[in-house]
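Right, one structure below, let's go through it.
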Amino acid sequence: MNSYKEALEWIHSLLKFGIKPGLKRVEWLLERTGNPEKKITCIHIAGTNGKGSTVEYIRSIMNKAGYSVGTFTSPYLISFNERVSLNRVPIADEELLHYTRIVKPLVEEVSLTNLGSPTEFEVITVISLLYFADKQPDIVVYETGLGGLYDSTNVITPILSLITNIGFDHMGILGETLKEIAFQKAGIIKRGVPIITTADQSEAREVIDRKAKEMNAENYYLDRDFSVVHVESTNSGERFLYTDSEVHRGIELEISMMGTHQIKNAGLAVAAVKHLTRSGKFNISLSTLMDGLREAIWAGRFEKVSHSPDIIIDGAHNQQGVAALKQTLINHYGSKRIFLLFAALEDKAYATMMQDLVSVVYEACFTSFDFPRAASAEQLLAESPLENSYSISSWREALQHVKDQLEEDDILIITGSLYFISEIRKTFTNLE
């Protein structure tokens with residue numbers, strides 16, 4: 001293996017092994033690479049939506065306080081390397097090549113055993129652990145890929161575990177009920193490691209509470225131990241009031257990411273950072289926390305990529321995400337004509353997702369993109385409950401067609417899949 005391109009092609013070739021929940025293959029690889037997971041200080045985040053935004057809020061605050069922060073996220077929007085980043089800088093091509101050379105012969109070896117071949121996600125997890133063990137950042141924030149209990153990131157022992165909201169996604173793997181899905185997410189809770197969550201359904205909380213007690217883990221819940229209240233939506237984001245046992249009257253905070261759902265993610269990040277400060281492991285002042293929170297930006301989350309008319313891309317890819325998107329559109333663009341460009345994966349409940357947008361969308365165009373599980377434009381149109389809707393198979397043609405119809409005061413929202421907006425985002429320049 002002589003180049004970054006070869007390394008990336010080899011990593012992507014493992015996609016054919018699909019999703020294989022379980023930790024045995026990753027543990028096998030880590031044992032043979034010196035157990036790098038034991039050499040880092042980390043936070044672990046699971047949840048249905050909001051993981052990436054929460055990671056970004058924590059990173060921004062910690063960086064603002066002068067700490068070095070590693071992040072492991074998925075999927076990527078701009079380059080594959082951004083999944084493994086240090087202080088928001090993606091792993092360098094030559095570094096990815098270096099760690100791939102270490103891992104590849106071990107992957108080939110374990111593939112010959114009863115454990116079978118590791119998946120792409122498992123391999124990039126191991127590469128990230130090797131990278132962070134060498135770089136030794138002050139903290140690494142790990143986002144689960146799918147679920148939690150059997151997710152390959154669950155080999156880490158964090159100093160703090162976080163669970164964002166619980167909703168219906170990946171039900172074929174995680175379960176059909178909120179209890180079953182929450183059980184998978186709660187699988188990240190480790191013995192004696194505190195857990196903070198914004199999950200608000202009673203059945204989800206019961207599962208998390210039971211697991212926390214079983215693992216003797218302190219647990220902190222939204223609306224019991226800390227709370228967030230939306231104050232107003234502004235042109236630059238959202239303002240909200242954060243309250244906990246230390247700030248009874250609350251502190252007013254601002255975020256630049258739009259959407260009232262974001263205040264829960266921001267509140268979770270604030271609760272996490274305050275916990276780290278109380279524990280004595282880190283020292284972050286209130287002013288630093290406020291500045292870091294305001295400066296946090298997460299690409300692809302209600303991101304404005306063009307102005308007059310406004311074109312927005314959003315990674316909503318399940319019912320909960322679309323419900324949050326709808327509310328954000330109402331809050332910020334309620335009086336305007338909203339056009340929709342939509343693509344989704346076949347295994348998503350896209351008919352339900354569309355139904356949520358009926359009351360806000362003026363006209364919808366359905367399209368597709370080059371991805372193994374992408375639904376066709378015709379499939380999507382066949383399920384559309386939107387009166388003004390049509391399909392154009394090529395997303396490039398669809399984008400141009402919709403743009404040609406927009407007047408200066410109109411809005412175009414592009415959504416349905418993180419993979420789709422990752423592809424389409426490249427057509428808009430000067431974003432970074």
Side-chain angles (χ1 to χ4, degrees), residues 7-8 10-48 51-52 54-55 70-76 80-85 90-91 96 99-100 102-111 113-134 140-164 169-170 172-175 181 183-190 193 211 373 418-419:
L8 203 54
W10 176 74
I11 291 169
H12 285 325
S13 75
L14 300 170
L15 262 176
K16 64 178 176 282
F17 297 107
I19 297 166
K20 294 157 73 171
L23 305 179
K24 296 292 186 189
R25 287 172 299 278
V26 175
E27 288 169 344
W28 191 98
L29 292 168
L30 293 174
E31 278 173 21
R32 282 153 184 80
T33 50
N35 290 111
E37 78 283 5
K38 295 179 179 176
K39 300 170 186 174
I40 60 172
T41 301
C42 55
I43 295 171
H44 203 184
I45 301 183
T48 302
K51 296 188 294 294
T54 306
V55 169
T71 53
F72 180 78
T73 56
S74 62
Y76 62 91
F80 180 85
N81 298 31
E82 76 195 47
R83 295 177 72 165
V84 182
S85 294
I91 184 173
L96 188 72
Y99 292 109
T100 305
I102 293 171
V103 172
K104 185 173 184 281
L106 297 171
V107 167
E108 290 167 347
E109 189 181 337
V110 73
S111 298
T113 72
N114 291 336
L115 294 174
S117 176
T119 65
E120 179 188 67
F121 190 78
E122 289 171 337
V123 166
I124 195 64
T125 299
V126 173
I127 286 172
S128 73
L129 288 163
L130 289 167
Y131 174 74
F132 292 132
D134 285 346
V140 185
V141 191
Y142 263 86
E143 176 189 325
T144 60
L146 183 63
L149 180 61
Y150 299 119
D151 188 79
S152 65
T153 61
N154 209 23
V155 293
I156 62 177
T157 300
I159 59 170
L160 182 63
S161 303
L162 307 177
I163 298 176
T164 64
D169 201 9
H170 302 292
I173 297 167
L174 302 181
I181 295 168
F183 178 79
Q184 293 294 325
K185 310 290 185 187
I188 68 166
I189 300 173
K190 304 291 193 303
V193 177
K211 183 67 175 179
R373 306 196 317 274
L418 274 166
Y419 296 101

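Positions are given from 1 along the sequence. Keep in mind that this is a model prediction, so the values were computed, not measured.
- Atom CG of residue Leu129 and atom CG of residue Asn35 lie 10.0 Å apart, to the nearest 0.5 angstrom.
- Between Leu106 and Val126 there is no side-chain heavy-atom pair separated by less than 4.5 Å.
- Thr41 meets the side-chain contact (heavy atoms from CB on, under 4.5 Å) test with Ile139, Ile159; sequence neighbours excluded.
- Taken from CZ in Phe72 to OG1 in Thr153, the straight-line distance is 7.0 Å, to the nearest 0.5 Å.
- Looking at residues two or more places apart in sequence or on another chain, you find a side-chain contact (heavy atoms from CB on, under 4.5 Å) between Asp134 and Tyr99.
- Side-chain contact between Leu14 and Thr119 is absent, with no heavy atoms from C-beta onward closer than 4.5 Å.
- Atoms OG and NZ, on Ser161 and Lys185 in that order, are 14.0 Å from each other to the nearest 0.5 Å.
- Side-chain contact between Tyr131 and Leu96 is absent, with no heavy-atom pair separated by less than 4.5 Å.
- Partners of Lys24 according to the side chain to side chain donor-acceptor pair (under 3.5 Å) rule, which considers only residues two or more places apart in sequence or in another chain, do not exist here.
- The side-chain heavy atoms of Thr164 and Thr48, taken from C-beta on, include no pair separated by under 4.5 Å.
- Scanning for side chain to side chain donor-acceptor pair (under 3.5 Å) contacts around Thr144 gives an empty result, with sequence neighbours left out.
- In this structure, the side chains of Thr113 and Val110 come closer than 4.5 Å at one or more pairs of heavy atoms.
- Contact check for Ile40 versus Tyr142: side-chain heavy atoms found under the 4.5 Å cut-off.
- When atom types are taken as modelled, the side chain of Lys190 and the backbone of Ile156 share a donor-acceptor pair closer than 3.5 angstrom.
- Atom CZ of residue Arg25 and atom CD of residue Glu122 lie 4.0 Å apart, to the nearest 0.5 angstrom.
- The CG atom of Leu162 lies 11.0 Å from the CD1 atom of Ile189; values are rounded to the nearest 0.5 Å.
- With sequence neighbours left out, the side chain to side chain donor-acceptor pair (under 3.5 Å) criterion links Glu31 to no other residue.
- More than 12 heavy atoms of other residues, nucleotides or ligands sit less than 6.0 Å from atom NZ of Lys39.
- Residues that satisfy the side-chain contact (heavy atoms from CB on, under 4.5 Å) test with Leu149, not counting sequence neighbours, are Phe183, Gln184.
- Remark: side-chain polar atoms of Asn154 are paired, donor with acceptor, to backbone N or O of Gly187 under 3.5 angstrom.
- Listed here is the closest heavy atom pair of Ala186 and Ile163: CA-CD1, 3.9 Å.
- The OG1 atom of Thr73 sits 10.5 Å away from the CD1 atom of Ile45 when rounded to the nearest 0.5 Å.
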